[in-house]
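Working notes, structure below.
The structure displayed is predicted, hence computed values, not measured ones.
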Amino acid sequence: MRLKTFTGTNMTTVMQDVRDTLGPDAIIVNTTEGPGNRVRITAALDDDSLVEPVPEFEESEAREIPDNAREAETPFDTATLAATLRYHGLPNSLSTRLMTSAAQANEETLEGSLASALENMFRFGAADAPSGTPLFLIGPPGAGKTLTLAKLAASALMRGHRVRLITTDVLRAGAVEQLDHYAQLMELSVETAASPRELKALLSTRPNTESDVTLIDSTGCTPYQREDIERVAYYVKSAEAEPIVVMPSGHDIAEAIEMADIFNSLGVHRMIATRLDGARRLASLLAALYKGKFALAGLADGPFVGDGLLPPTPQTLARLLVAKPDPSRLAQLKKRAAS
């Protein structure tokens, strides 16, 4: 793998350096704000022609990069798979279907067999590619919508797309300021819309093109409050946007299923799972995907914008499910995902 570190005074400039040097296929390994408000990005590319040591800020100011240990995949056997799914607390019906599909996959590893089963039972569709349609992030309060939106923006910028940030979360204290902080690091501005009518007018001033990425943040939506659901529906219709639900991991399974059913009624087809770093058991994630018939569009596992989202693939989800019971495997998983 080719590793290189870039530093500068703002994220947009540094990310442009990454793209110019390593090309559009570069993967962000780590981002740190160091002394003097400098930004440091470590990027990776599958190319052994250049491997540089990573310069460190002071230990107290830097986020450690996972070690280089190789992830040893687990040989497949039904007992280990059953124990893994039982650890996560999957409903019996879902667990049985996954085990049956995994056993029929004829894969040698637990991760490979589970990935094959997940691919057969779930849909996957990343949210960081431009589609010409504004993306409206919705979800329960505290799900991490604003941070997720910033991660999507950073990913789109890395790919050379024009990014537009809009927030409808104008009443919650500090909401606009939080998004604006992320935006300034990327040399972007934040536009605000206090009503569906304002949002529609704002979007009409600069129509979206297929190469643009327009990301719209929203106020937390309590799915059991009718007025919250109606408010989201009005915004989505006015913006002619695709609603993507942002769901935190670690929910009660029954709650996750109920929420998924409600958000599905709003026309949601994709889901981004967040707070993976704070959850050990992922049954609610799978249950929400299954009940809502959502495609997995992203996996967020940390508070750093530059880390981006883990790729929403059957392989990544399978490795997460296998690694979660053993926290020592998570650093290895992240290293593997980056490569």
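Scanning for side chain to side chain donor-acceptor pair (under 3.5 Å) contacts around Arg97 gives Tyr290, with sequence neighbours left out. Take Glu240 and apply the side chain to side chain donor-acceptor pair (under 3.5 Å) test, not counting sequence neighbours, and it matches no residue. Listed by chain and residue number, Pro314, Gln315, Ala318 satisfy the side chain to side chain contact (heavy atoms under 4.5 Å, CB included) test with Ala115 (two or more places apart in sequence, or in another chain). Every residue was checked against the salt bridge (charged side-chain N to carboxylate O under 4.0 Å, His left out) condition with Asp180, not counting sequence neighbours, and none meets it. Partners of Glu230 by side chain to side chain donor-acceptor pair (under 3.5 Å), not counting sequence neighbours, listed by chain and number: Arg226. Remark: Gln225 pairs with Thr222, Glu227, Asp228 by the side chain to side chain contact (heavy atoms under 4.5 Å, CB included) rule, at least two apart or across chains. For Ser155, the side chain to side chain donor-acceptor pair (under 3.5 Å) test picks out Asp128, Arg159, with sequence neighbours left out. Judged as a side chain to side chain contact (heavy atoms under 4.5 Å, CB included), and not counting sequence neighbours, the contacts of Ala154 are Met15, Met186, Val305.
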Show me the donor-acceptor pairs within less than 3.5 Å that the side chains of residues 135-144 make with the rest of the protein, sequence neighbours left out.
none

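Pairs passing the side chain to side chain donor-acceptor pair (under 3.5 Å) check and including a residue from residues 98-109, sequence neighbours excluded, read Ser101-Asn120. Residue pairs meeting the salt bridge (charged side-chain N to carboxylate O under 4.0 Å, His left out) criterion with at least one partner in residues 249-271, sequence neighbours excluded, are Glu242-Arg270.
Residue Ile253 belongs to a hydrophobic cluster whose other members are Ile257, with links defined by side-chain heavy atoms closer than 4.5 Å.
Note that Arg281 lies in the cation-pi zone of Tyr87, set by a 6.0 Å cut-off to the ring centre and a 45° limit from the axis.
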